[in-house]
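Please read all numbers here as calculations on a predicted model, not as lab measurements. Note: hydrogens, waters and symmetry copies are ignored here, and every other heavy atom, side chains too, is used. Residue numbering restarts at 1 for every chain, and letters A, B, ... go by the order of the sequence lines.
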2 protein chains.
Amino acid sequence: MSTAPPWTAFANERLANEGFRRGGGRAAVIDLLDAQECALSAQEIEDQLKAGTRKVGRATVYRVIDELVDLGLLGRVELGDGIARFERVFPEGAHHHHHFVCSNCEKLVPFEDEELERVLRRVARREGLVMESHEVTLRGRCPDCS
Amino acid sequence: MSTAPPWTAFANERLANEGFRRGGGRAAVIDLLDAQECALSAQEIEDQLKAGTRKVGRATVYRVIDELVDLGLLGRVELGDGIARFERVFPEGAHHHHHFVCSNCEKLVPFEDEELERVLRRVARREGLVMESHEVTLRGRCPDCS
DNA sequence: ATACGTGCAAAATGTTTGCGGCTCA
DNA sequence: TGAGCCGCAAACATTTTGCACGTAT
């Protein structure tokens with residue numbers, strides 16, 4: 001398989017189409033998110049940006065997150081600790097994954113499973129629901145902590 | 001199928017074994033939770049108790065929730081709106097269900113599926129994870145809003 | 001030029017904690 | 001009687017909002 005087009009490009013195009021301007025703060029948040037494999041909390045985003053050259057205020061972080069979630073470019077993930085985390089959403093469900101959280105070391109492990117997706121689609125159909133998104137979280141011991 | 005023993009009895013026995021006393025506030029919270037089919041937020045618990053004869057303070061609601069979650073009697077559910085909700089957990093996974101949230105009317109619809117449970121167990125095994133609990137949330141349009 | 005973007009600080013919301021008084025065992 | 005239980009209010013943590021200023025188009 002070839003390298004997927006960077007999510008940044010996808011997001012920027014979508015934002016442009018929706019009439020958003022390209023400000024420095026938003027660009028910094030988007031670039032940071034594109035560098036992550038998995039979910040990041042608002043606090044983590046703010047901290048990592050503070051550590052870099054481009055300082056971005058908390059309000060901007062939250063506002064950008066909001067826009068991206070509304071546009072379907074970012075997915076919100078809640079792992080059970082009361083802190084919302086966010087991660088890229090690719091077009092057509094590419095790279096879609098779920099999360100395992102270790103109850104001992106709190107490590108976050110992403111995983112994919114096509115049969116799981118199939119079963120969820122089937123359940124939604126059976127219940128008469130038009131599914132727009134879904135989230136699966138497993139909790140337990142990771143291999144290192146067993 | 002026969003009527004399952006009330007969760008209240010199960011919870012009280014477990015609490016007694018752990019050396020907890022039976023206070024009026026805790027009893028009220030437990031009774032209220034046992035009357036619910038699905039998850040309730042701390043705010044909802046407090047409000048419903050305030051409306052009844054037994055007023056219970058916010059702190060007690062949270063403290064009781066904490067104890068019950070720690071003992072595995074209560075499950076924490078996060079549905080994507082940043083508010084934690086809680087629901088009874090029965091022994092041996094009886095009555096175990098997941099949630100669908102309507103993106104239009106915010107209605108909460110519980111559902112069960114044995115194949116889903118099987119797939120999740122298989123995924124955990126494949127990844128070398130010892131699963132302790134899991135949570136599945138679907139979002140989309142419910143039949144009434146389609 | 002002007003509407004959108006940004007940062008700061010204040011406010012709102014959800015949750016936890018300190019502490020004095022009450023109650024069950 | 002005394003260890004836990006309770007409620008109030010203050011403290012906390014996360015997220016949202018108001019406002020003045022900056023910047024892209």
For the pair made of [atom1] in [X] and [atom2] in [N], what is the distance, rounded to whole Å?
X: B/N17; N: C/dA25; atom1: CG; atom2: P; result: 14 Å
X: A/R26; N: C/dG7; atom1: CZ; atom2: P; result: 12 Å
X: A/R76; N: D/dT16; atom1: CZ; atom2: P; result: 7 Å
X: B/D66; N: C/dT16; atom1: CG; atom2: C1'; result: 9 Å
X: A/K50; N: C/dC8; atom1: NZ; atom2: P; result: 7 Å
X: B/E67; N: D/dC5; atom1: CD; atom2: C1'; result: 9 Å
X: B/D81; N: C/dA12; atom1: CG; atom2: C1'; result: 16 Å
X: A/E18; N: C/dG5; atom1: CD; atom2: C1'; result: 17 Å

(Q) Measuring to OP1 and OP2 of C/dT16, would you say a side-chain N or O of B/Y62 lies under 4.0 angstrom away? (A) no

Q.
Counting only side-chain nitrogens and oxygens, does A/R54 get under 4.0 Å of the OP1 or OP2 atom of C/dG7?
A. yes

Report which part of the nucleic acid [X] touches: base, sugar-phosphate, or nothing (heavy-atom distance under 4.0 Å, all strands).
X: A/G24; result: sugar-phosphate
X: B/R58; result: base
X: A/R63; result: base

Q. According to the side chain to side chain donor-acceptor pair (under 3.5 Å) rule, which pairs have a member within residues 63-74 of chain A, sequence neighbours left out?
A. A/R26-A/E67

Q. Can you tell me if CD on B/E114 sees more than 12 non-hydrogen neighbours from other groups inside 6.0 Å?
A. yes

From [options], nucleotide with atom closest to [X] side chain:
X: A/V64; options: C/dT6, D/dT15, C/dA25; value: C/dT6
X: A/T60; options: C/dG7, D/dG7, C/dG5; value: C/dG7
X: A/A59; options: C/dG7, D/dT25, C/dT6; value: C/dG7

Q) With no hydrogens and no angle check, is any side-chain donor or acceptor of B/R139 less than 3.5 Å from a backbone partner on A/E135? A) no

Q) Looking only at atom types and distance, does a side-chain atom of B/E78 sit under 3.5 Å from a main-chain N or O of A/G80, one as donor and one as acceptor? A) yes

Q: Could you tell me whether the side chain of B/R21 has a donor or acceptor atom within less than 3.5 Å of a complementary atom in the base of D/dA3?
A: yes

Q. A/R22 or B/G23: which one's nearest nucleotide on DNA chain C is closer to the 5' end?
A. A/R22

Q. On DNA chain D, nearest-nucleotide positions of B/G25 versus A/I83: which is more 5'?
A. B/G25

Q: Just grab all the ring-ring contact (aromatic ring centres under 6.0 Å, His included) pairs involving residues 99-139 of chain B, residues at least two apart or on different chains.
A: B/H96-B/H134, B/H97-B/H99, B/H98-B/H134

